[in-house]
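One structure is given here, and the rest of the page talks about it.
Atom set for the values below is all heavy atoms of this structure, side chains included, hydrogens, waters and symmetry mates excluded. Numbered from 1 within each chain, the chains take letters A, B, ... in sequence-line order.
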Amino acid sequence: MRILLVHSDYIEYEAKKKLDFAEKIPEEKRKDRMEECLVVFVSVEKRDEGKMEKIVERTCEEIKKTADLVNTKNIMVYPYVHLSSTPSSPKFAERTVNAIYERLKSEFNVKKSPFGYYKAFKLSCKGHPLSELSREITAEGEEVSEALKKEEKVKSSWYILTEKGELIPVKEYDFSEYENLKKFTDYEIEKRRVAEREPPHVELMQRLELVDYEPGSDPGNLRYYPKGRLIKSLLEEWVTDNVIDYGAMEIEAPIMYDFEHPSLKSYLHRFPARQYVIQTPNKRVFLRFAACFGQFLMLHDATISYRNLPLRLYELTRYSFRVEQRGELSGLRRLRAFTMPDCHAFVADIENAKEEMMVRFDLAKKIQEGVGLDIPEDLELAMRVTEDFWNKNRNFLVEMVKRWGKPALVEMWSERIFYFVFKYEWNYVDNLDKASALTTDQIDIENGKRYDIKYTDKEGNERHPVILHLSPSGAIERIMYALLEKAYRDSKKGIKPSLPLWLSPTQIRFIPISEEHMKFLENIRIEGVRYDIDDRNETLGKRIRSAEREWIPYIVVVGDKEVKSKVLSVRIRNGENREMTLEDLVTEIKEKTKGKPFKKLPLPIKLTKRPIFRG
RNA sequence: GCCUCGGUGGCUCAGUGGUAGAGCGGCUGCCUCGUAAGCAGCAUGUCGGGGGUUCAAAUCCCCCCCGGGGCUCCA
């Protein structure tokens, strides 16, 4: 925002030619005049967009200050785009100018010249020392990150790192064997956008009654129906169990933090994100965007010996909040409230960090494979590294690529802009060729000091640890997104789409042929497997179809034959039809889901007792 | 956040100034069925919200909300 303030004997204007976006004005407003006033020429700029409140507030403060200085109560607000070479959109500018006008009205006698016209004007400047002032106003404040600005300056170069340890500039690399890596690279570097349709997982998450938008909340805050909640909850448990097995201590920390806390304040500057801001009765707080704060603040107050290292803390954040730009939000892929498992490891130095990172690399692999993703086939490895770290630790990166099992994309930064020197991500490339990070781990050399986290080394000296930031699965919602996108991809290949058996809300669907077979079904008792009964008064064909559309892995039709023989006719989702006893079926399912968490069906067993959440 | 397209019954969508529609789903009844949609009848509506123009608005205009796509962004 740029403004020019002119203390004048009078100003007189006349609107001449109207522009496309001009505001409507009554005829008498086309011409106006004001005596003894402060004329405020305003140019709203591109960078002000989205920050109207702050800009308006600061601009008005500036105007008031000057008006008091020159001792006038008359103000003419004059939209005047020519002060800036990077003006905002007319729409935004008009709203901003109006907001300034409205706000000044309570204290001043204000007029506003019309927006969107070529205007003739006459102005008589008083010419005293304070009569002409220009001001530049920005929305930048303590809660706005500086990391983003720095990111623009830093130079990044792109390579492919092969299993043999060759670092090949992306332009010279032959992608013919790695089509998916090519897609990922294009997405990362060229920001290529092809598809112009809704991501397939959105229709699926709604139709399967898993997840849905919640218009009554803020965008990017979703609702989970019982089946969606079940799947999410199983995934959460799976990740948590594995992280605890790895040796992490699960904790719980608050979701909101004080803006004025010194460590947090400087951390915010290093993290390019917008936060939800909440006014509590006595302070302004922001909602956490990761679990870092809680864990760091906790360890700041802890007594740590080198014997305790590596020290691992874990929290499943429900939720982490990031106010992503409206247009970036998309289904389960990018949200404003999401569930992120976040596991920090505190280690003595870089060497230990590298060792620990490899342990976690294997942990993440186990978790992702359990979830139903094939590693490395379904994901693409990206590494972001500073030139300095690469030069000193080349072997470490090569070792990681070998462990991964196929080439990785490397982004090399000329200097360090974030708090980490190295991070890797496992990215999923979806049906629209868009990429999203799932697993990610980082080596952070800054926050040990920032949060004043100390451990005592062998010699009795206090030291700041190096910190690793791991999300072993990535956001739980993103796992669901990847699984749905993967299922959709299967269906395009002619394979029946499905979820992993352990995540299927209904594992066995029983369909009685007629009412008399219900008694048989009402008497069965199965533990440790989720089953339900389609007792609706519909034809068999229709009920089979509906079970298939729900992706139910085992469908069992029960008629006279089954009641008599106790041998079930089982329709399996892979297309097979098998005769087996109930016992064998249950054993098979338990066998196939061994080692995975189990939860009960969170719905009535009889379909006639269930509401339809979506239709 | 910007640009752009969209929002009509629970779902999918037709209707573009003049009496709100269809299919699916729901309900009721018939049918009692052997592996992907049986038949009939009934009820479904702040036409996303607010304001305006008009004798008259789902339809035209303005603002807002929600969603899609693009830009931007992606720790």
Side-chain angles (χ1 to χ4, degrees), chain A residues 23-24 46-52 88-95 98 139 145 147-148 151-152 187-188 191 193-199 202-203 206-207 209 212-220 267-268 270-274 289-290 292 320 322-331 333-335 340 342 384 417-420 423 425 427 432 434-437 440-442 444 469 471 474 478 496 509 511-518 536-550 555-562 569-572 575 577 608 611-615:
Chain A
E23 64 176 324
K24 286 179 192 162
K46 196 91 212 157
R47 61 185 169 164
D48 302 331
E49 287 180 359
K51 298 164 186 163
M52 187 160 86
S88 74
S89 71
K91 206 168 164 184
F92 180 79
E94 188 191 341
R95 289 209 311 257
N98 282 334
S145 159
L148 265 179
E151 199 182 3
E152 286 166 13
Y187 183 82
E188 285 292 310
K191 312 291 181 191
R193 297 296 136 86
V194 188
E196 295 186 358
R197 59 202 182 93
E198 181 179 77
V202 173
E203 194 256 325
Q206 295 173 326
R207 211 208 73 218
E209 291 195 318
D212 215 334
Y213 295 116
E214 176 49 78
S217 181
D218 195 49
Y267 186 36
L268 286 171
R270 297 293 269 164
F271 204 97
R274 278 163 283 266
F289 45 81
C292 307
S320 286
R322 300 180 187 181
V323 183
E324 307 292 7
Q325 296 187 70
R326 183 61 192 79
E328 296 166 26
L329 300 172
S330 169
R333 174 171 174 258
R334 201 156 165 82
L335 298 163
M340 189 170 62
D342 203 352
R384 327 259 173 186
I417 39 171
F418 298 112
Y419 50 76
F420 51 85
K423 75 173 278 208
E425 302 149 14
N427 291 275
L432 306 183
K434 292 187 180 181
S436 309
T440 178
D441 203 355
Q442 310 165 359
D444 167 3
H469 299 235
S471 186
R478 271 203 183 164
K496 280 187 187 176
R509 162 75 42 90
I511 306 180
I513 285 181
S514 69
E515 281 155 32
E516 58 194 280
H517 306 113
M518 266 309 289
R536 292 174 301 177
N537 181 18
E538 294 292 350
T539 58
L540 181 61
K542 194 163 182 179
R543 285 179 292 164
I544 299 244
R545 176 180 148 83
S546 127
E548 291 284 1
R549 280 176 52 84
E550 268 186 68
I555 302 167
V556 179
V557 175
V558 176
D560 289 340
K561 209 172 65 184
E562 287 75 20
S569 157
V570 183
R571 179 182 164 116
I572 305 172
N577 257 305
T608 52
I612 292 163
F613 286 101
R614 187 146 209 288

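As judged by a 4.0 angstrom heavy-atom cut-off over every strand, A:Ser569 is placed among the base-contacting residues. Residue contacts for A:Gln442: at a heavy-atom cut-off of 4.0 Å it reaches the sugar-phosphate backbone alone, with no base atom in range. Here A:Gly559 lies in heavy-atom contact (under 4.0 Å) with a base. Across all strands shown, A:Pro199 has heavy atoms under 4.0 Å from sugar-phosphate atoms exclusively, and none from any base. Looking at heavy-atom distances under 4.0 Å, A:Glu516 makes no contact with the nucleic acid at all. No contact: A:Arg207 has no heavy atom under 4.0 Å from any strand.
Residue A:Arg509 contributes atom CZ, which lies 13 Å from atom C1' of B:A36 at whole-angstrom precision. Rounded to whole Å, atom P of B:C33 lies 11 Å from atom CD of A:Glu515.
Distance from the side chain of A:Gln325 is smallest to B:G1 among B:U32, B:U35, B:G1. Residue A:Ile513 places its side chain closer to B:C33 than to any other of B:C2, B:C33, B:C73. In the set B:G70, B:C33, B:A36, B:A36 carries the atom at the smallest distance from any side-chain atom of A:Glu548.
When the P atom is compared between B:G29 and B:U35, the two are found 28 Å apart, to the nearest whole Å. Separation of the P atoms belonging to B:G15 and B:C71 is 30 Å when rounded to the nearest angstrom. Nucleotides B:U32 and B:G69 have their P atoms positioned 49 Å apart, rounded to a whole Å. Between the P atoms of B:G6 and B:C62, the separation comes to 14 Å (whole Å). One C1' atom belongs to B:A22, the other to B:U44, and the distance between them is 14 Å to the nearest Å. The separation of B:A43 from B:G9, taken at their C1' atoms, amounts to 10 Å, rounded to a whole angstrom. The gap from the P atom of B:C39 to that of B:G50 amounts to 40 Å, rounded to the nearest Å. The separation of B:A56 from B:G68, taken at their P atoms, amounts to 37 Å, rounded to a whole angstrom.
A:Asp444 meets the salt bridge (charged side-chain N to carboxylate O under 4.0 Å, His left out) test with no other residue; sequence neighbours excluded. Residues passing the salt bridge (charged side-chain N to carboxylate O under 4.0 Å, His left out) test with A:Lys561, sequence neighbours excluded: none. Remark: A:Arg334 pairs with A:Glu324, A:Glu328, A:Arg478 by the side chain to side chain contact (heavy atoms under 4.5 Å, CB included) rule, at least two apart or across chains. Not counting sequence neighbours, the partners of A:Ser514 by the side chain to side chain donor-acceptor pair (under 3.5 Å) test are A:Glu516, A:His517. Qualifying salt bridge (charged side-chain N to carboxylate O under 4.0 Å, His left out) partners for A:Arg614, counting only residues two or more places apart in sequence or in other chains: A:Asp212. Under the rule for a side chain to side chain donor-acceptor pair (under 3.5 Å), the partners of A:Asp218 that lie at least two apart in sequence or sit in another chain are A:Tyr276, A:Arg336. Taking the side chain to side chain donor-acceptor pair (under 3.5 Å) definition, one finds that A:Arg543 meets it with nothing, sequence neighbours left out. Residues forming a side chain to side chain donor-acceptor pair (under 3.5 Å) with A:Thr440 (at least two apart in sequence, or on another chain): none. Scored by the salt bridge (charged side-chain N to carboxylate O under 4.0 Å, His left out) test, A:Arg536 finds A:Asp534 as partners (sequence neighbours excluded).
Of the residues listed (A:Val557, A:Val556, A:Asn577), the one engaging A:Arg571 in a side-chain contact (heavy atoms from CB on, under 4.5 Å) is A:Asn577, and it is the only one.
Ion pairing between A:Glu188 and A:Arg384 holds under the 4.0 Å rule for side-chain N and carboxylate O.
Mapping A:Gln206 and A:Glu324 onto RNA chain B via the closest heavy atom, the residue that lands nearer the 5' end is A:Gln206. Heavy-atom distances to RNA chain B give each of A:Asn537 and A:Lys561 a nearest nucleotide, and the one nearer the 5′ end belongs to A:Asn537.
Base pairing annotation: B:C39 forms a Watson-Crick or G-U wobble pair with B:G29, both donor-acceptor distances under 3.5 Å. With both pairing distances under 3.5 Å, B:C55 is matched to B:G18 as a Watson-Crick or G-U wobble pair. Across the strands present, B:C2 finds its partner in B:G70; the criterion is a Watson-Crick or G-U wobble pair with both atom distances under 3.5 angstrom.
Between the side chain of A:Arg571 and the base of B:A36, at least one donor-acceptor pair of N or O atoms lies under 3.5 Å. For B:U32, the base has no donor-acceptor partner in the side chain of A:Thr539 [N/O atoms by modelled type, under 3.5 angstrom].
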Atom pairs, protein N/O to nucleotides 22-26 of chain B N/O, distance under 3.5 Å:
unit_1: B:G25; atom_1: OP1; unit_2: A:Lys542; atom_2: NZ; d: 2.9

Return the polar atom pairs (N/O with N/O) between nucleotides 64-67 of chain B and the protein under 3.5 Å, or none.
unit_1: B:C64; atom_1: OP1; unit_2: A:Arg95; atom_2: NH1; d: 3.3
unit_1: B:G67; atom_1: OP2; unit_2: A:Arg326; atom_2: NE; d: 3.0
unit_1: B:G67; atom_1: OP2; unit_2: A:Arg326; atom_2: NH2; d: 2.2
unit_1: B:G67; atom_1: O5'; unit_2: A:Arg326; atom_2: NH2; d: 3.0
unit_1: B:G67; atom_1: O3'; unit_2: A:Tyr213; atom_2: OH; d: 3.4

Please write out the pairs of protein N or O atoms and N or O atoms of nucleotides 43-46 of chain B separated by less than 3.5 Å, giving the distance to one decimal.
none

- Item | Test log, rule side chain to side chain contact (heavy atoms under 4.5 Å, CB included), inputs A:Lys423 and A:Phe418 | CA-CA 10 Å; A:Lys423 75 173 278 208; A:Phe418 298 112; over 6 Å; no
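Residues A:Ile513 and A:Asp560 have side chains not in contact (no heavy-atom distance under 4.5 Å, counting atoms from C-beta outward).
Shown here for A:Gln442 and A:Phe420, the closest heavy-atom pair between the two residues is OE1-CD2, 3.6 Å.
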